Amino acid sequence: MFAHKTKSVHSSAEDRQALLARILNSPQFARSVRLREFLTFVVERGLSNPDAPIPEAVIAEMVFGRKDGPAGDDSIVRVHASQLRKRLEQYFQTDGEREEVLLEVPKGQYTPVFRPRESAPVAETVDRPPSAPWALIASVGGVLLIIILALGWDDLRLRTSTNASVSPNVS
């Protein structure tokens, strides 16, 4: 169904379980019991039978305790799957940026996919070209504008007080 143009992943079930544990212990998943249960269920089910799809109704029953509902009427699995995909993406962009294998739950299915990262893991230090310090320029410009306005106000105040003291007194 979903074909990836990448080399096959040569990670063992233990490696995949270790990856799952790192993900579950990350800040992205630490406080969400439901997403942790969801991810654990689909990964374990996917590892035990990788060729069998995981039906939405099974997830609804096993993870969320929903029973006897008509298929497709309960959106709880789809909503949590969307949140799960976002959290996985966040994990691999932050805490998991050095992971060599990515874990994804592709849209339209719930069976997880393990695939190699497209590029090499991020190096310890990343050399980036210097970016324009726009924030610094804006800050300095703002400070200069305030100084100019303050000096202009002070000058206006001095001229007004000088003109008032020099003007003849009309009686």
Side-chain angles (χ1 to χ4, degrees), residues 1-140:
M1 180 186 273
F2 292 91
H4 294 285
K5 294 183 178 181
T6 57
K7 62 182 180 178
S8 63
V9 179
H10 297 294
S11 63
S12 67
E14 292 82 21
D15 292 338
R16 293 174 181 194
Q17 287 286 353
L19 174 60
L20 173 62
R22 289 190 297 275
I23 293 170
L24 294 176
N25 289 320
S26 71
Q28 292 81 11
F29 286 87
R31 287 186 253 161
S32 179
V33 174
R34 286 289 189 205
L35 289 180
R36 290 169 52 89
E37 290 172 350
F38 190 148
L39 183 59
T40 301
F41 177 77
V42 296
V43 168
E44 289 176 356
R45 179 86 180 244
L47 289 176
S48 66
N49 195 353
D51 297 326
I54 304 172
E56 186 174 291
V58 171
I59 298 169
E61 181 179 343
M62 300 302 292
V63 176
F64 299 100
R66 305 285 175 108
K67 295 181 183 179
D68 302 328
D73 286 350
D74 192 352
S75 63
I76 191 167
V77 175
R78 292 185 298 277
V79 169
H80 278 79
S82 176
Q83 292 174 355
L84 176 67
R85 290 180 185 107
K86 289 176 187 172
R87 298 272 180 102
L88 284 171
E89 187 177 314
Q90 289 172 355
Y91 170 77
F92 286 108
Q93 290 175 353
T94 57
D95 296 288
E97 70 183 348
R98 291 188 178 89
E99 297 284 359
E100 294 178 6
V101 175
L102 302 178
L103 168 58
E104 298 173 338
V105 178
K107 288 185 179 180
Q109 70 178 36
Y110 301 106
T111 304
V113 174
F114 293 87
R115 68 175 184 86
R117 188 180 284 274
E118 294 290 326
S119 60
V122 176
E124 195 64 34
T125 57
V126 178
D127 292 331
R128 294 184 182 157
S131 60
W134 297 113
L136 179 62
I137 292 171
S139 297
V140 170

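For the single chain, residues carry numbers from 1 onward in sequence order. None of the values given here were measured: they were computed from a predicted structure.
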Distance only, no hydrogens: is a donor on one side chain within 3.5 Å (strictly under) of an acceptor on the other, for Gln109 and Thr111?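 No, Thr111 and Gln109 have no side-chain donor paired with an acceptor closer than 3.5 Å.
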Checking side-chain polar atoms at under 3.5 Å, does Ser32 have a donor or acceptor matched by the opposite partner on Gln83?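 Side-chain D/A pair, Ser32 to Gln83: absent.
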Using modelled atom types and a 3.5 Å cut-off, is there a donor and acceptor pairing between side-chain atoms of Ser82 and backbone atoms of Arg78?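 Flag not set: sc Ser82 to bb Arg78 has no pair under 3.5 Å.
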Working note: Val101 + Asp15, criterion side-chain contact (heavy atoms from CB on, under 4.5 Å); need CA distance, chi angles, decisive distance, verdict. CA-CA 9 Å; Val101 175; Asp15 292 338; over 6 Å; no
What pair of heavy atoms forms the shortest contact from [X] to [Y], and how long is it?
X      : Y      : value
Ile76  : Phe64  : CD1-CD2, 3.6 Å
Arg98  : Arg117 : N-NH2, 4.4 Å
Val113 : Pro106 : CG2-CG, 3.6 Å
Pro112 : Val43  : CG-CA, 3.8 Å

Pairwise salt bridge (charged side-chain N to carboxylate O under 4.0 Å, His left out) hits with a residue in residues 82-91, at least two apart: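 Pairs touching residues 82-91 that pass the test: none.
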Interatomic spacing from [atom1] in [X] to [atom2] in [Y] - rounded to 0.5 Å:
X      : Y      : atom1 : atom2 : answer
Leu84  : Tyr110 : CG    : OH    : 10.5 Å
Glu44  : Leu20  : CD    : CG    : 7.0 Å
Leu103 : Leu19  : CG    : CG    : 5.5 Å

Is the closest side-chain heavy-atom distance between [X] and [Y] below 4.5 Å?
X      : Y     : result
Ile59  : His80 : no
Phe114 : Leu47 : yes
Gln28  : Thr94 : yes
Tyr91  : Arg22 : yes

Quiz: residues 34-41 side-chain donor-acceptor pairs under 3.5 angstrom, not counting sequence neighbours:
unit_1 : atom_1 : unit_2 : atom_2 : d
Arg34  : NH1    : Glu37  : OE1    : 3.4
Arg34  : NH1    : Val63  : O      : 2.9
Arg36  : NH1    : Leu24  : O      : 2.4
Thr40  : OG1    : Arg36  : O      : 2.7

